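Read through the structure below, which is laid out as structure tokens, and then see the notes.
Everything numeric here is computed off the predicted structure, so don't read it as measured data.
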Amino acid sequence: MIIKLLDIEDSFALKGDLEVAKLSSAYRLASKVHYDLIIKKSKDTLSIKGSLNCIISLTCSRCLDEFPYMINAIVDFKMLPQNMAPHEPEIELKRDDMDIYYYEGNEVELEPIINEEIILNIPIKPLCKESCKGLCQVCGKNQNYEPCDCYKGINTILGEKLKEFLN
Ligand SMILES: [Zn+2]
Ligand SMILES: [Zn+2]
């Protein structure tokens, strides 16, 4: 999806679905990416606000199951020409919280930015559900489907040892 800067008068709405097989290897898309954006241009600066919605497939950090995760991202960022990018690293640190991206030439490609915005909204430790019981550390079974007695066993052995010790 390429925006040609010369085509923009001052603002326009951009709405649709993106089929992005080529996006990122950091996640797997399980749906199209629905975007609903308002793009405003003032001189060389584009302000882009709106929302991105899609379903991605994530791996649960506890049980390692794949599960669908809904991304509902509110986006709000500016795009500036590449020549306005800071050269000094310390300047970059000072920039405010708003996301800023840079473009080169007269065209802006939106896919890489949509990709970034999706990645920003992926939880660091994804869970298939809050109550996920995870994998048994002993036998490796998924405790959500196959509860096992490993811990009971360990507890019993510990209990026996403790009894011996106390006696
Ligand atoms: Zn899980
Ligand atoms: Zn077990």
Side-chain angles (χ1 to χ4, degrees), residues 1-5 8 11-41 45-82 85-86 89 92-104 107-155:
M1 188 172 29
I2 287 174
I3 303 172
K4 290 201 167 68
L5 295 184
I8 307 175
S11 87
F12 73 105
L14 197 62
K15 209 185 238 200
D17 294 300
L18 203 58
E19 280 192 74
V20 255
K22 60 176 176 180
L23 275 183
S24 167
S25 56
Y27 57 89
R28 208 165 57 75
L29 273 174
S31 76
K32 292 175 187 175
V33 181
H34 180 75
Y35 56 88
D36 191 346
L37 305 169
I38 302 282
I39 301 178
K40 285 193 178 136
K41 183 170 89 166
T45 305
L46 293 181
S47 305
I48 303 180
K49 288 186 187 188
S51 62
L52 297 174
N53 301 287
C54 63
I55 298 170
I56 60 173
S57 186
L58 292 180
T59 303
C60 175
S61 60
R62 273 189 209 152
C63 71
L64 308 180
D65 255 6
E66 282 216 356
F67 67 99
Y69 182 80
M70 181 92 77
I71 298 271
N72 293 308
I74 301 296
V75 298
D76 185 350
F77 57 86
K78 281 192 159 64
M79 298 205 67
L80 306 173
Q82 187 64 51
E92 194 158 18
L93 288 176
K94 276 186 214 146
R95 73 177 212 192
D96 56 24
D97 285 338
M98 180 181 273
D99 293 323
I100 298 177
Y101 297 95
Y102 298 95
Y103 65 86
E104 277 180 88
E107 292 181 341
V108 171
E109 213 191 326
L110 274 188
E111 275 94 343
I113 297 160
I114 288 179
N115 186 34
E116 282 285 318
E117 293 289 326
I118 292 174
I119 289 175
L120 284 175
N121 281 278
I122 297 177
I124 297 165
K125 282 200 165 181
L127 288 179
C128 63
K129 53 179 184 250
E130 234 9 91
S131 61
C132 172
K133 297 193 181 84
L135 300 178
C136 171
Q137 301 287 324
V138 180
C139 70
K141 279 184 181 158
N142 185 332
Q143 299 294 288
N144 298 314
Y145 312 129
E146 294 184 274
C148 59
D149 288 333
C150 298
Y151 278 102
K152 270 184 212 156
I154 288 176
N155 286 340

Exercise for review: Give a yes or no answer on whether the side chain of H34 reaches the backbone of G16 with a donor-acceptor pair at less than 3.5 Å.
Suggested key: yes
Tightest non-hydrogen contact, residues L52 and Y35, listed as CD2-CB, 3.6 Å
dist L46:CG -> F77:CZ (nearest 0.5 Å) comes out at 9.0 Å
Per side chain to side chain contact (heavy atoms under 4.5 Å, CB included), V33 is matched among L18, I56, N53 by L18
One should read off an interatomic distance between I39 CD1 and K49 NZ, to the nearest 0.5 angstrom, of 13.0 Å
Applied to residues 63-73, the salt bridge (Lys or Arg N to Asp or Glu O under 4.0 Å) test, sequence neighbours excluded, yields R28-E66
CD/Q82: more than 12 non-hydrogen atoms of other groups inside 6.0 Å:
yes
Here the gap from C148 atom SG to N142 atom CG, rounded to the nearest 0.5 Å, amounts to 10.0 Å
- Is there a side-chain contact between P112 and I114, using heavy atoms and a 4.5 Å cut-off? no
Please list every donor-acceptor pair under 3.5 Å in which a side-chain atom of residues 117-136 meets a protein atom from a residue at least two apart or in another chain.
from	atom 1	to	atom 2	distance (Å)
E117	OE2	Y101	OH	2.8
N121	ND2	E117	O	2.8

Distance col, row F12:CZ vs L37:CG, nearest 0.5 angstrom, shows 9.0 Å
Taken to the nearest 0.5 Å, the spacing of C139 SG from D149 CG works out to 9.5 Å
To the nearest 0.5 Å, atom CG of L110 lies from atom CG of N115 at 12.0 Å
For S31 and C54, indicate whether the former's side chain and the latter's backbone hold a donor-acceptor pair under 3.5 Å.
-> no
